[in-house]
Amino acid sequence: MPEASEIAESTTPQRVRGGVVVRRSRSAGQRAVRVLRRIEIDVIGLNYVGLVVGTVFFAWSVTPSLVPRDWLFQGLISGINAAIGYGAGCLLEWGFRRWVRPRLRRRPLPIPGQYALKIVILIGCGLVAAYMLVLSADWQRQIYTLMDMPGTTRAAYLRTGGLSLAVGIAVVAGYRTLREIVRFFARELSRWVRVPPRFAPGVGAALLAVLIVLLFNGIATRAFFAVANSAFSVRNDKVTPYAVQPRAPERSGSPASLAAWDTLGSEGRWFVSHGPDPLLISAATNAPARQPIRIYAGLDSATGGRTQEQLAVAELERTHAFDRKVLAIVTTTGTGWVNSTAAAALEYLYHGDTAIVASQYSYLPSVLSFLADRQKVAAAGRKMFDAVYTAWSARPPQSRPKLVVYGESLGSQGSEAAFGGLGDLRDKVDGALWVGPPNSNRLWSQFVARRDPGTPEVEPVYADGLVVRFASATDELNQPSADWRQPRIAYLQHASDPIVWWSPDLIFSRPAWLSEPRGPDVSRQMRWWPFVTFWQVAADLTNAQSVADGHGHNYGSLVLDAWAAVLRPPDWTPQENERIRTDLELAETYERVVK
């Protein structure tokens with residue numbers, strides 16, 4: 001069969017001069033077509049159906065998501081989505097050639113017509129992509145406005161296009177590399193194992209898939225997280241001049257402590273060296289105050305065959321924490337981080353007559369811990385609660401403190417793991433506050449799934465709010481009625497918090513929170529698209545805290561109002577609450593600057 005170039009040359013106009021055939025020179029258009037074809041075959045190898053579908057996926061990906069995205073993150077996620085669309089288009093085109101076109105019995109377009117169509121497709125896809133980028137810049141500014149943040153400029157945002165193109169090319173190149181590996185396996189199988197050529201590609205692909213799964217479930221995964229754990233353990237040893245060893249015996253890491261200062265880790269040292277002292281608490285509450293107790297066990301704190309939980313209980317006993325009014329068990333996130341605002345809010349409300357205990361279970365940041373350490377955080381949450389609960393319940397009921405639990409983000413998942421269900425939770429604690437819970441939280445998922453009919457997923461009401469309540473603002477803690485029975489359980493969740501709403505289910509199904517009325521800070525332009533929304537919200541996870549308080553994963557001083565609602569002291573007043581809020585916001589600003 002002649003090559004397309006030979007066909008094109010045979011159709012070139014000719015004339016006879018002196019008995020010799022003389023070909024006319026090709027026009028500029030014909031030469032352009034020939035160059036375009038050579039570039040396409042030798043360099044790019046474009047599939048134009050894939051290009052069209054990839055452009056559609058790109059257009060979907062730049063539509064609004066939960067939180068604002070700068071050009072860098074948008075370019076990354078849009079490039080991945082465009083590559084997925086390109087692959088889907090290639091698959092559709094292959095299916096058409098394999099099963100549909102043979103039945104049509106229609107002659108293909110002449111060569112010049114084919115390339116004219118391809119030029120139109122290239123230009124059209126470029127124009128669509130550029131138009132969607134302009135719209136996306138406007139949408140992003142709208143989301144910034146919803147969150148009371150300064151927006152990006154249109155010119156700066158247009159850099160998304162170049163980055164998306166580079167990422168898309170890299171992903172497609174990676175796929176083509178895998179395809180060549182499959183072809184290599186197929187050739188070798190046909191040569192050495194005598195697999196029939198018809199089945200060799202399928203067998204080669206299956207073999208490669210098995211190797212990849214085994215690699216990433218075994219060697220690669222272990223190696224990656226081992227390296228990551230080692231790298232972040234160096235960060236764990238970081239010493240900052242703004243975290244100074246405490247002298248008060250009520251703090252872990254002090255000279256009187258059973259947990260050495262240099263074993264607490266970076267987050268643990270920050271936690272025990274900061275927080276309000278009796279003078280600050282008295283100034284805000286106009287009442288005498290005690291030195292709050294803060295107990296922390298780092299990964300390296302337990303020695304001599306003693307576990308972290310045993311060390312934590314011993315520290316509680318040493319500091320007489322069981323004689324305080326409130327004892328809070330905090331399950332940390334990733335590297336051992338404790339929300340300073342949440343801890344200090346409880347200490348202010350109870351005039352320092354509190355004890356807070358926490359421990360570190362990983363060196364990894366929260367995002368990596370979510371991927372690798374979810375079982376670890378669940379085990380750590382159960383062990384710490386069981387150890388403290390056993391020591392607490394051994395004391396007479398009239399002489400033991402109120403027992404509460406707290407967890408934020410992945411920490412809420414570990415904290416929930418200590419309880420078999422709502423009944424078990426109510427039997428064991430005097431209150432629970434969980435902030436920004438991941439969508440995979442077991443108890444949270446049960447409460448939301450069983451919410452009262454007619455209540456939206458972003459603002460669910462469970463059993464008429466008698467025990468469990470959900471809130472994104474202070475006034476919602478008092479809804480739907482004043483009858484909130486003890487012990488109280490509260491979840492804080494924003495409609496724009498991607499940590500709450502991200503789920504693998506987004507790949508194939510539209511979530512209720514996009515079908516129901518939106519939250520006040522979620523763009524009305526946001527739509528669900530298969531695959532695309534999953535990647536959009538996944539990218540939002542990295543930006544969840546880079547927004548203003550009251551949006552995304554930033555809950556700010558709302559935790560103060562939540563503690564006041566869940567475990568309100570008898571002498572609480574709104575005026576005192578606002579003075580405490582001022583101190584908390586100043587401390588939060590200081591921490592953001594120096595930490």
Side-chain angles (χ1 to χ4, degrees), residues 35-93 118-141 143 151-182 212 216 220 224 367-368 498 507 529-543 546:
V35 170
L36 176 64
R37 180 182 180 277
R38 183 51 54 197
I39 292 175
E40 177 195 354
I41 293 175
D42 292 345
V43 181
I44 303 175
L46 279 176
N47 181 295
Y48 285 85
V49 176
L51 185 62
V52 171
V53 179
T55 302
V56 172
F57 271 57
F58 173 83
W60 284 340
S61 73
V62 297
T63 56
S65 188
L66 289 175
V67 297
R69 295 176 301 216
D70 61 20
W71 70 272
L72 184 63
F73 284 106
Q74 184 64 73
L76 176 64
I77 202 66
S78 295
I80 294 173
N81 277 306
I84 292 173
Y86 184 83
C90 292
L91 186 61
L92 289 173
E93 195 266 348
K118 290 177 179 180
I119 292 172
V120 171
I121 290 174
L122 280 172
I123 296 174
C125 289
L127 291 175
V128 169
Y131 175 70
M132 290 303 299
L133 281 174
V134 172
L135 286 181
S136 180
D138 294 335
W139 288 330
Q140 290 301 314
R141 286 201 297 271
I143 300 175
T152 183
T153 63
R154 180 178 293 175
Y157 194 77
L158 292 180
R159 290 177 291 182
T160 296
L163 180 59
S164 298
L165 180 61
V167 171
I169 290 173
V171 173
V172 172
Y175 159 75
R176 290 183 175 179
T177 301
L178 291 178
R179 185 181 63 185
E180 291 305 314
I181 294 174
V182 169
I212 290 174
F216 280 90
F224 171 77
V367 173
L368 292 180
I507 297 176
W529 307 103
F531 292 101
V532 175
T533 303
F534 168 81
W535 286 112
Q536 284 181 312
V537 180
D540 287 342
L541 294 174
T542 60
N543 289 331
S546 61

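Numbers for residues simply follow the sequence, beginning at 1.
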**OP:** Rounded to the nearest 0.5 Å, what's the gap from CD1 on I77 to CG on L163? Could you check?
**Re:** 11.0 Å
**OP:** Would you name the heavy atoms of S546 and N543 that are closest together and state the gap between them?
**Re:** OG-O, 2.8 Å
Original post:
Which heavy atom in V49 sits nearest to a heavy atom in E93, and how many Å separate them?
Top reply: CG2-CG, 3.6 Å
Original post:
Atom OG1 in T160, atom CZ in F73: separation rounded to 0.5 Å?
Top reply: 12.0 Å
**OP:** Any chance you could measure M132, atom CE, to T55, atom OG1, to the nearest 0.5 Å?
**Re:** 11.5 Å
Original post:
Can you tell me if Q140 uses its side chain to pair, donor with acceptor, with the backbone of R69 under 3.5 Å?
Top reply: yes
**OP:** Ignoring hydrogens and angles, tell me if any N or O in the side chain of D540 forms a donor-acceptor pair with the backbone of P498 under 3.5 Å.
**Re:** no
Subject >> Minimum heavy-atom distance between L76 and V167, given as atom pair plus value >> reply: O-CG1, 3.8 Å
Original post:
Does any N or O in the side chain of S78 come within less than 3.5 Å of the main-chain N or O of G75, such that one atom is a donor and the other an acceptor?
Top reply: no
Subject >> Donor-acceptor pair, side chain of Y86 and main chain of I169, under 3.5 angstrom >> reply: no
Original post:
How would you list, by chain and number, every residue that makes a ring-ring contact (aromatic ring centres under 6.0 Å, His included) with Y157, sequence neighbours excluded?
Top reply: none
Subject >> Donor-acceptor contact below 3.5 Å, side chain Q74 vs main chain S61 >> reply: yes
**OP:** Have a look at W529 and tell me which of W60, W535, F58 forms a ring-ring contact (aromatic ring centres under 6.0 Å, His included) with it.
**Re:** W60
Original post:
So, for V53 and A88, which heavy atoms are closest and what is the spacing to 0.1 Å?
Top reply: CG1-CB, 4.3 Å
